[in-house]
Amino acid sequence: MSEHKDFLRTIVEEDLKSGKYKEVVTRFPPEPNGFPHIGHAKSIAINFGIARDYHGRCNLRMDDTNPTTEDTKYVEALKDAVEWLGFKWDNHVRYTSDYFDKLYEYAVELVKMGKAYVDSLDEETMREYRGTVTEPGRRSQYAERSVEENLDLLERMKNGEFKDGEHVLRAKIDMSAANMKMRDPLLYRIRHAHHYRAGDKWAIYPMYDFGHCLSDYIEGVTHSICTLEFENNRDIYDWVLDTLGLEPPRPYQHEFARLGINYTVMSKRLLLELVNEGKVSGWDDPRLPTIAGYRRRGYTPESILNFCDSIGIAKANSTVDVAQLEFAIRDDLNTKVPRVMCVLDPLKVTIENYEGTEEFDAPYYPEDVPKEGSRKVPFSKEIYIEREDFSENPPKGYYRLTPDQAVRLRHGYIITCKEVIKDAEGNITEIIAEYNPESKSGRDTSGIKVKSAIQWVDAKSAKTVEVRLYDRLYSSEAPKGLDDLNPDSLKIIKDALIEPAVITEKPDERFQFERQGYFYADPVDYTDEAPVFNKIVGLKDSWSKKDKPKASRGERKPQVKKVQVEGEVEPMSEAEQALFDRYTGELGLNSMVADILARDEKLSSFYEEALSVSSSPVTIANIVANEVARELKEKQAEELKFNAKQIAELVKMVDDETISNKIAKQVFEEMAKSGANPAQIVEAKGLVQISDPAVIVPIIDEVIAKNPDNVEKFKAGNSKLLGFFVGQVLKATGGKANPQVVNELVAEKLK
RNA sequence: UGGGGUAUCGCCAAGCGGUAAGGCCUCGGUUUUUGGUACCGAUAUUCGGGGGUUCGAAUCCCUCUACCCCAUCCA
């Protein structure tokens, strides 16, 4: 578990601690109507992860209430995804469709309570009646039907006596609710459709808002975690469970922000478009953000999980940089996979002073990877190197082979270029080179220093392989559709050359092709006769970034300072204006505070009341405008535990310096909670202010002695640290020290 | 426009009145027979803007702004 708890875990912990639940139960509830993608992985990681961390359980539930879109092939893909990521669902897979009978009983119950009715408006009229976000809706005339009639109609809907769309079952809530979702939401609709699991048993199917909360309840779920777009649905969630008066405990819904990644699409619509239009090879195309795609590409479950962990969980809509995902897979594979040599774009090199053959012993792992294993790498007169690793006119800082720069063949000898052979067009076709016999890797006595070692393969023994190079699918950071596709997202190299051990020994299925990236033996198309490797991700490359304009990677955007448009403030009414004038004039309040009080009737009347028993208009005003305002946000004046007179008392204690402002806030909070008199609170908790330097100085000395580093920093000019010292002293005195005095004393001491 | 949310570095993200964590990206440097890895170091005087309260504010109060979600018989 990471060091900082996310807000969901904080909630779960509190609920467990308070005894609200004995055990945490979560669920991952996808609708089986599409392939799971990395956004699902985030949800899986959260739900299963929380269950694991708090020793609870997590259900896998197919939320299959819409027979027209769902299919069993998707449930298989969903199960696969969860298993591949390494999680185990509790017991068997659950299906909302398993609860259809129970759900129907609950619906009947609601009807009997008069809380649901059969509506027979047609779709369009119903939409019209719903109103708009600014105008309230109207209730359908059918809402007046008797319980008996509703029961009868519902029964007949279930029995299939009506056509699709003829009737629906709706909750009777509030057609003028500000939350549109609460305007008599639909509970059931008629669908004469074959359900992939329930078959033809049902002619009606529950809606999400009805089925989901009850399924959670039926399964004993405690924390129903979903994405932000369901925030508005939470009211129905609560309404259904509360109205039914179910036996506690019941689940509560909590929402987090869904995952977005740049250069990537996550919506079902766009994903489907790619597949249907044949822009990708299928749901498992390695360029797709589907679980199947990442899996085929060669991503490991650990890397996906680490990624999910690294991005955190919060409520702010966000788009994660795809570089963070790429980091996760590199980081994982770095310590796991063997290093081998593969030449993608071969350039022939003939070593003129070498005869015969030999084999080099080459470890599969570099020294910093604690794994054992090695292979033989054959070598002879003719080899291939990467075309990019030779340059006739090298740019500045080029470390590889040039007409005057030697280079080491990784695990082999150092070679120098003798001659460059070109074809009629001037393309380099071959290099004639010379090797240094004293420079063999591991027993080099040549004394030659080279800038780099490059990968190569022996011409005779190398195997030809197909390598599929994947790049991001879209060239736009926030792709909207097919127009944003990256035309170069797939490059197939048919005749790359690889050292033989990779094929004959098969030490692994994932490899690092040295200096190039991580590759994966394609699980579908790979055969021993025609091996195929997918590029998972490239190595970080600080060389190519150097000269190329920073086109595609994490470049800084030009900083544009945002201009803030100041909006209009509502003008004050005449009465408010009069109050405002009196406050600023006669009572000497500053205009901000006066404004707050004058505009808020609850606040101003509270203030007036306090004023009548006090002679400190300004202090009272401050505390009313700041502290009391907070309490009055949610509550009515009558609901307050404290009264204006108590506030006046509190202010008096501040005025005569019995307590500090800081303590006053603490006391206020206590008053708001318990309604006790301020004097009592101060008395009971011994909060009287300490202003005597004789008492404070020793504490300051102690704090200073304990923090020599900070004293140094402070003296070096970090004046912010004054707050740190004051804070420490205040903490040591339980907040009772007079902060002003402490401030002066500390400043004096540290001078 | 009514309601519900959200704003802290280029991208994520801690922080809950007392020194602005961490990761990714970027940029330097050390080590290196991978221009990889690892390791060191740099990068927010400031938290969407403006005010207010306070000895002290990213945190409390007021206000403005921007963005997301809601008017499917989808989930």
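Proteins get letters first, then strands, A, B, ... in listed order; numbering begins at 1 in each.
Taking only side-chain atoms of A:N232, from C-beta outward, the nucleotide of B:C25, B:C64, B:G4 with the closest atom is B:G4. In the set B:G17, B:C73, B:U54, the nucleotide with an atom closest to the side chain of A:N622 is B:U54. Residue A:R189 has its side chain nearest to B:C73 when only B:A71, B:G4, B:C73 are considered. Nearest nucleotide to the side chain of A:R130, out of B:G18, B:C64, B:U72: B:U72. When distances run from any side-chain atom of A:M180 to the nucleotides B:C70, B:C60, B:A13, the shortest one goes to B:C70.
Contact annotation for A:N590: backbone-only contact, meaning every heavy-atom pair under 4.0 Å involves sugar-phosphate atoms and none involves a base. Among the protein residues, A:F230 comes within range of the nucleic acid bases, having at least one heavy atom under 4.0 Å from a base atom. Residue contacts shown for A:R599 are absent, as no nucleic acid heavy atom lies under 4.0 Å away. Backbone-only contact: A:I311 has heavy atoms under 4.0 Å from sugar-phosphate atoms and none from a base.
For the OP1/OP2 pair of B:C61 and a distance below 4.0 Å, the side-chain nitrogens and oxygens of A:K633 include at least one atom meeting the criterion. A close approach under 4.0 Å does not occur between any side-chain nitrogen or oxygen of A:R138 and OP1 or OP2 of B:A71. Note on A:K540: a side-chain N or O is less than 4.0 Å away from OP1 or OP2 of B:U26. Checking the phosphate oxygens (OP1, OP2) of B:G36, a side-chain nitrogen or oxygen of A:S542 falls inside 4.0 Å. At least one side-chain nitrogen or oxygen of A:K720 sits closer than 4.0 Å to the OP1 or OP2 atom of B:A20. At the phosphate of B:G35, neither OP1 nor OP2 sits under 4.0 Å from any side-chain N or O atom of A:S544. A:T134 has no side-chain polar atom (N or O) that falls below the 4.0 Å cut-off from OP1 or OP2 of B:G3.
B:C61 atom C1' lies 13 Å from atom CD of A:E669, rounded to whole Å. When the P atom of B:U72 is taken as reference, atom OH of A:Y188 falls 22 Å away, rounded to whole Å. In this structure, CD1 of A:I261 is placed 15 Å from C1' of B:C25, rounded to the nearest angstrom.
The base of B:U34 has none of its N or O atoms less than 3.5 Å from a complementary donor or acceptor on the side chain of A:R515.
B:G15 and B:A57 have their C1' atoms separated by 13 Å, given to the nearest Å.
For B:U72, the glycosidic angle deviates from 0 by 90° or less, giving a syn base.
Mapped onto RNA chain B by nearest heavy atom, A:A629 and A:V450 fall at different nucleotides, with A:V450 at the one closer to the 5' end.
Taking the six-membered ring where tryptophan is involved, the planes of A:Y237 and A:H212 are tilted, since the angle between them lies from 30° to 60°.
Donor-acceptor pairing under 3.5 Å is lacking for the side chains of A:R234 and A:Q253.
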